[in-house]
Amino acid sequence: MKSGFSRRRMLAGLISGAGAVLLAGCDRATQSTGFGALLRNSERLTMESQRLLLGRQSLALEYSVADLSPVFRANGTQAPDSEEYNQLLENGFADWRLQVDGLVQQPLSLSLDELKRLPSRTQITRHDCVEGWSAIGQWQGVPLGRILDLARLKPGARYVVFHCADELEVTFDGSGRYYESIDLLDAYHPQTLLAYAMNGKALPVAHGAPLRLRVERQLGYKQAKYLMRIEVVPAFDTLWGGRGGYWEDRGYDWYAGI
Amino acid sequence: MNTPDSTHARAPLPRPTRRRFIRRHSATVRITHWINVLCLSVMLMSGLQIFNAHPRLYWGKYGADTDHAFIVIGSRKQADGLHGFLRIGSLSIGTTGLLGVSQEGNAVVPRAFPSWLTIPSYYDLGAARNWHFLFAWLLVINGAIYLAHGFWRGHIRRDLLPDRDQLAPRHVWREVLDHARLRFAKGDEARRYNALQKITYLLVALVLLPLMVLTGLTMSPGMDAVFPFLPDLFGGRPSARTLHFITASLLVLFVVVHVLMVVLSGFWNNLRSMIDGRYAIDHSGEAR
């Protein structure tokens with residue numbers, strides 16, 4: 001009886017010990033160069049296969065007014081905490097300009113009114129956070145492709161980088177500033193908008209006033225808020241952490257279609 | 001014949017029980033089975049880590065913090081410290097130590113699933129997603145090989161579809177009673193799976209695992225653009241996420257019962273049959 005008990009204890013000890021070793025192994029594998037790279041490379045496989053299926057034009061689902069979330073959760077920065085942004089806000093963004101530069105023939109500096117005068121698109125779409133929640137909202141804005149056409153891309157242009165007004169992590173070197181990037185396939189997608197209105201009203205501060213990105217076939221962290229500058233680049237590896245976005249530099253995949 | 005002859009007690013003859021080996025599992029079934037074990041373990045544990053990022057489940061087309069969640073794993077701060085709970089509908093169960101609040105290193109922290117159940121053990125949503133999706137690819141490829149082989153070579157029709165006699169209500173009831181008494185088939189009857197086994201394996205291979213993949217894909221905004229019918233099929237993305245979680249729970253339940261049955265009905269014989277394919281059968285009427 002007693003020996004059975006201790007044998008059972010030994011077995012339980014062995015199993016939990018083996019479990020702990022396996023878990024520690026998984027942690028170590030996550031941080032190792034080889035397996036860590038393999039883990040991250042599955043992103044390529046996912047992206048290439050989704051792109052194969054998606055093609056250029058297939059649209060994200062659009063919903064009806066009846067489907068709107070009663071409360072659309074505001075995530076990340078709720079209000080940028082900078083002198084510069086607060087001044088722009090006080091003035092109703094009359095002094096705000098969207099800079100468009102980088103690999104373009106015609107750099108642009110657009111006011112909110114100028115953007116609103118361009119043909120717009122309105123869509124009701126689902127916002128999926130990487131954490132697992134979803135919210136449905138209505139967005140109105142200028143298709144990004146239209147702005148890129150106005151600026152005329154130079155040869156070698158591959159990515160569009162969005163520089164934001166908010167610092168999600170306060171750092172000395174400014175590396176906590178929010179930024180994002182997408183490639184030209186998503187940039188020219190008909191539902192990819194620079195949105196200035198949400199649910200029929202001016203974009204609220206918590207949701208990125210005066211202008212935010214909507215790139216509907218990807219997750220929430222790609223939907224950069226508080227846009228200040230759009231830069232067209234051949235590659236983003238020299239920018240901040242080199243992975244193409246604030247959250248990407250902190251471990252999320254650049255391709256957020258899944 | 002069956003009773004050992006006492007005069008030969010010092011020089012025992014080969015055992016009188018007729019023990020025969022049959023080939024139970026094909027190489028494809030054995031290999032895909034163990035790859036599946038690996039994939040499901042990693043996907044469960046990385047999945048729990050992903051769940052921890054937002055431990056609330058909704059039904060419908062949208063679902064976030066202010067919307068009604070019908071399953072929540074959370075924590076509450078009270079005078080005597082943090083308390084973990086699991087809430088399903090209006091039923092709330094205290095789960096401190098396991099769910100909602102658990103030990104992480106030396107600290108007691110709010111955490112839906114405890115660190116010893118998640119990959120990685122520390123909070124890292126990005127890494128957990130990488131693990132989950134890498135092994136999802138392996139799971140899908142492995143599952144496709146299993147199903148292609150299973151339909152092509154007749155494994156599913158021959159070994160998993162219940163035979164006509166097994167579907168008679170009396171027979172099924174008999175099996176339920178036998179299972180409850182832990183009485184397992186011997187002799188020729190042990191050559192085939194029993195009806196409960198067959199139905200369970202079919203349910204896992206053809207319903208639960210495909211459902212897992214489909215509800216998983218429905219959570220991808222990219223895949224929803226490719227197959228717009230996916231969210232409709234499950235009643236919305238939050239619903240699909242909930243079904244993903246419930247289906248995973250059913251798979252865990254299956255694994256628990258499966259392993260228990262493997263242990264109870266002849267552990268080494270079962271294990272060997274899934275390693276080298278050979279399964280020993282003791283013929284009826286002959287005591288073992």
Side-chain angles (χ1 to χ4, degrees), chain A residues 16 19-20 22-24 26-27 29-31 36 38-43 45-47 49-51 53-55 58-63 67-73 75 125-137 191 216-220 247-248 250-253 255-258, chain B residues 41-42 45-46 50-58 60-67 69 115-122 124-138 216-217 219-232 236-242 244-245:
Chain A
S16 62
L22 277 177
L23 260 187
C26 288
D27 286 352
T30 308
Q31 290 151 6
L38 175 68
L39 279 177
R40 282 192 301 276
N41 281 341
S42 66
E43 173 197 2
L45 184 59
T46 303
M47 175 175 159
S49 4
Q50 282 207 358
R51 281 286 169 86
L53 292 166
L54 272 168
S58 65
L59 296 179
L61 269 172
E62 294 195 15
Y63 294 82
D67 299 323
L68 288 173
S69 285
V71 177
F72 195 112
R73 172 174 160 174
N75 207 37
T125 51
R126 197 187 66 217
H127 177 100
D128 296 329
C129 179
V130 64
E131 292 178 344
W133 53 268
S134 303
I136 296 177
Q191 285 171 319
E216 301 293 359
R217 299 183 300 180
Q218 298 205 43
L219 295 174
W247 281 113
E248 287 84 335
R250 287 156 183 81
Y252 288 170
D253 286 338
Y255 180 69
I258 186 165
Chain B
S41 308
V42 170
M45 295 173 76
S46 53
I50 295 170
F51 176 85
N52 275 1
H54 191 74
R56 297 162 57 85
L57 294 169
Y58 310 90
K61 294 179 180 171
Y62 55 79
D65 301 61
T66 48
D67 302 312
S115 65
W116 55 270
L117 266 179
T118 64
I119 294 177
S121 64
Y122 50 89
D124 187 339
L125 176 58
R129 282 164 50 81
N130 289 150
W131 277 92
H132 206 70
F133 301 147
L134 177 65
F135 281 84
W137 276 107
L138 190 57
L217 287 176
M219 283 187 263
S220 149
M223 294 312 290
D224 284 355
V226 182
F227 303 118
F229 59 88
L230 274 178
D232 284 342
R237 182 196 192 238
S239 310
R241 181 168 173 264
T242 301
H244 197 68
F245 187 84

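Chain A is the first sequence line, chain B the second, and so forth, proteins listed ahead of strands; every chain is numbered from 1. Side chains are part of it too, since the values below use all heavy atoms of this structure and drop only hydrogens, waters and symmetry mates. Keep in mind that this is a model prediction, so the values were computed, not measured.
When the candidates B:Ala53, B:Pro221, B:Pro228 are compared by the number of heavy-atom contacts under 4.5 Å with chain A, B:Pro221 comes out ahead. Contact count against chain B (heavy-atom pairs under 4.5 Å) is highest for A:Arg126 among A:Arg217, A:Gln191, A:Arg51, A:Arg126. Per-residue counts of heavy-atom pairs under 4.5 Å with chain A were compared for B:Gly63, B:Ala136, B:Gly236; the largest is that of B:Gly63. When each of A:Gly36, A:Ser134, A:Ser58, A:Ala29 is checked for heavy-atom pairs under 4.5 Å with chain B, A:Ser134 comes out on top. In terms of non-hydrogen atom pairs under 4.5 Å with chain B, the most contact-rich of A:Asp128, A:Ile136, A:Leu53 is A:Asp128. Heavy-atom pairs under 4.5 Å with chain B were tallied for A:Pro70, A:Ala24, A:Ala135; the largest tally goes to A:Pro70.
Interface residue A:Asp253: only side-chain heavy atoms are found under 4.5 Å from chain B. Of the atoms belonging to A:Ser49, it is side-chain heavy atoms, and not backbone ones, that fall under 4.5 Å from chain B. At a 4.5 Å heavy-atom cutoff, the contact between B:Thr118 and chain A is made by backbone atoms alone. In this structure, no portion of A:Ala20 lies under 4.5 Å from any heavy atom of chain B. Looking at B:Thr66, only its side chain comes within 4.5 Å of chain A, counting heavy atoms on both sides. Proximity to chain A involves both the backbone and the side chain of B:Trp131, based on heavy atoms less than 4.5 angstrom apart. Interface remark: A:Glu216 contributes backbone atoms only to the contact with chain B (heavy atom separation under 4.5 Å). If you measure heavy-atom distances from B:Phe135 to chain A, the contacts under 4.5 Å come from the side chain alone. Within the 4.5 angstrom heavy-atom criterion, only backbone atoms of A:Gln218 (N, CA, C, O) approach chain B. For a residue to count as touching a neighbouring chain, one of its non-hydrogen atoms must lie under 4.5 Å from one of that chain's; by this rule A:Phe72 does not touch chain B. Contacts between B:Pro55 and chain A at a heavy-atom distance below 4.5 Å are absent for every atom of the residue.
Closest approach of B:Arg237 and A:Trp133 over heavy atoms only: NH1-O, 3.6 Å. Between A:Ile258 and B:Arg129, the closest heavy-atom pair is O-NH2, 2.6 Å. What you find for B:Arg241 and A:Glu131 is that their closest heavy atoms are NH2-O, 4.0 Å. Nearest heavy-atom pair across B:Gly222 and A:Leu54 is O-CD2, 3.4 Å. Minimum heavy-atom separation, A:Gly251 to B:Asn130: O-OD1, 4.4 Å.
Here A:Leu219 contributes atom CG and B:Met219 contributes atom CE; the two are 11.5 Å apart, rounded to the nearest 0.5 Å. Here the CG atom belonging to B:Asp65 is positioned 9.5 Å from the SG atom belonging to A:Cys129, to the nearest 0.5 angstrom. With rounding to the nearest 0.5 Å, the separation of CZ in A:Arg250 from CG in B:Leu125 is 14.5 Å. Interatomic distance, A:Leu61 CG to B:Leu230 CG, rounded to the nearest 0.5 Å: 9.0 Å.
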Full working for side chain to side chain contact (heavy atoms under 4.5 Å, CB included) between A:Arg73 and B:Asp67:
CA-CA 10 Å; A:Arg73 172 174 160 174; B:Asp67 302 312; over 6 Å; no
Derivation of the side chain to side chain contact (heavy atoms under 4.5 Å, CB included) call for B:Tyr62 and A:Leu68
CA-CA 8 Å; B:Tyr62 55 79; A:Leu68 288 173; over 6 Å; no
For B:Met45 and A:Cys26, run side chain to side chain contact (heavy atoms under 4.5 Å, CB included): C-alpha distance rounded to whole Å, both residues' side-chain angles, the deciding distance at 0.1 Å, then the answer.
CA-CA 11 Å; B:Met45 295 173 76; A:Cys26 288; over 6 Å; no
